[in-house]
Amino acid sequence: MSKYTIVGNWKMNPMTIDEAKSIAKKTRAVASKLKQTDVIMCPPFVYIPSAVSKKKTAHCSVGAQFVSTHESGAHTGEVSAHMLADAGVTHVIVGHSETRKRGDTNEIVSQRLAQVLAAGLKAIVCVGEDARDDMGGHFEIIREQMKSSLVTVQPSQLNSILIAYEPVWAIGAAQPMSSEQIHETSIFVKKVFADLYGQEAAMKVDVIYGGAVNASNAAEIIRVGKVDGLLPGRESINPPGFAELLRAVDAVQR
Ligand code: PGA
């Protein structure tokens with residue numbers, strides 16, 4: 001049976017290694033008791049060695065928030081997918097709106113994604129519109145982001161991909177998108193996936209939601225939004241809230 005996936009995006013937080021170790025330890029402790037939920041915590045690069053546990057923890061792994069488009073070489077400041085894999089990372093977020101804002105086009109996202117998959121890692125591919133309009137223009141934006149970002153992905157690699165739908169206007173906001181709209185959009189994401197890779201692949205791909213997810217709304221988004229998981233930012237670095245969120249999601253019948 002497939003599990004829920006919760007991707008905790010720490011962004012550029014916390015401020016010290018000690019805090020990072022503490023968040024990772026608490027997250028791992030809660031995750032180890034979950035039954036049908038996998039947690040991927042994604043700290044900044046420098047905290048990855050502190051977050052990766054020597055002992056394998058059930059239901060918990062470490063992801064990265066970013067990766068180079070290159071394999072190795074003269075690329076000052078960059079970190080490659082192979083380095084991440086060697087450091088114990090299992091997943092990498094690509095195409096997050098905050099990195100798209102810094103210049104990542106769909107083409108660059110597709111190059112990062114290709115590096116992730118070539119290194120044998122799994123990718124969390126983020127898509128989402130900046131704003132909604134009454135004419136449904138956001139659907140075209142999502143379709144185009146998916147089509148162009150996934151362009152190099154072979155059918156054999158599809159089980160290494162997770163789609164994170166994140167409406168940009170809900171990221172960092174006070175409220176998430178309504179669960180009904182999340183449901184509608186996740187169906188659309190699956191439909192685009194079916195157009196690209198066929199119905200069977202679309203049935204298998206996990207679609208998760210991100211944008212203002214917290215302990216009090218997580219279970220409802222899973223239940224009514226019918227998504228396969230969540231991508232919380234702020235709540236993932238708040239151990240009590242994140243623990244509550246994880247337990248609440250784990251209690252929703254899969
Ligand atoms: P938020 O961030 O949960 O703080 O809104 C989500 C994200 O950036 O993925």
Side-chain angles (χ1 to χ4, degrees), residues 4-14 20 23-24 27 31 37-48 51-52 60-70 77-85 87-129 142 145-146 148-150 152-153 157-168 170-172 186 189 205-213 227-237 242 245:
Y4 293 123
T5 303
I6 307 296
V7 181
N9 179 10
W10 294 14
K11 308 197 181 189
M12 203 169 73
N13 299 297
I23 296 170
T27 300
T37 307
D38 285 337
V39 185
I40 303 155
M41 49 184 164
C42 302
F45 289 142
V46 286
Y47 298 149
I48 286 173
V52 171
C60 196
S61 56
V62 176
Q65 300 171 18
F66 199 61
V67 68
S68 177
T69 55
H70 304 283
E78 301 266 319
V79 174
S80 79
H82 282 281
M83 292 172 189
L84 293 173
V89 157
T90 56
H91 292 68
V92 182
I93 299 173
V94 295
H96 190 279
S97 66
E98 284 155 17
T99 64
R100 287 182 187 265
K101 270 198 198 105
R102 293 204 300 270
D104 270 17
T105 58
N106 287 328
E107 190 187 349
I108 296 174
V109 172
S110 78
Q111 291 165 1
R112 298 196 197 287
L113 176 55
Q115 290 294 327
V116 171
L117 299 177
L121 297 172
K122 293 194 181 235
I124 298 140
V125 185
C126 300
V127 296
E129 76 283 358
I142 296 166
Q145 284 180 340
M146 285 181 67
S148 320
S149 308
L150 300 175
T152 59
V153 178
Q157 298 174 309
L158 291 178
N159 52 9
S160 296
I161 284 185
L162 205 88
I163 306 288
Y165 168 61
E166 299 205 293
V168 179
I171 295 175
S186 74
V189 166
V205 71
D206 279 349
V207 179
I208 67 174
Y209 166 82
V213 173
V227 278
D228 302 297
L230 302 166
L231 200 163
R234 285 158 290 174
E235 196 74 305
S236 70
I237 48 165
F242 196 49
L245 179 156

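Everything quoted here is computed from the prediction, not taken from an experiment.
Side-chain contact between L158 and V153: present, with at least one pair of heavy atoms (C-beta onward) separated by less than 4.5 Å. Counting heavy atoms from C-beta on, the side chains of K101 and V168 come closer than 4.5 Å. Between I124 and T5 there is no side-chain heavy-atom pair separated by less than 4.5 Å. Counting heavy atoms from C-beta on, the side chains of K122 and S61 never come closer than 4.5 Å.
Residue pairs meeting the salt bridge (charged side-chain N to carboxylate O under 4.0 Å, His left out) criterion with at least one partner in residues 110-120, sequence neighbours excluded, are D104-R112.
Evaluation of the side-chain contact (heavy atoms from CB on, under 4.5 Å) rule for Q65 yields N9, W10, C42, P44 as partners, not counting sequence neighbours.
Annotation for E107: atom CD does not count as buried by contact number, only 12 or fewer foreign heavy atoms lying within 6.0 Å.
In this structure, CZ in F242 is found 14.0 Å from CZ in R234, a value given to the nearest 0.5 Å. The structure places CD1 of I237 at 11.5 Å from CE of M12, a figure rounded to the nearest 0.5 Å. The CG atom of D206 sits 12.0 Å away from the CD1 atom of I161 when rounded to the nearest 0.5 Å. Separation of atoms CD (E166) and CD (E129) is listed at 11.0 Å; rounding is to 0.5 Å. A distance of 5.5 Å separates CZ in R102 from CZ in F66, rounded to the nearest 0.5 Å. Atom-to-atom distance recorded for L84:CG and I48:CD1 is 5.5 Å, nearest 0.5 angstrom.
Here the closest heavy-atom approach between residue G63 and residue I40 is recorded as N-CG2, 3.7 Å.
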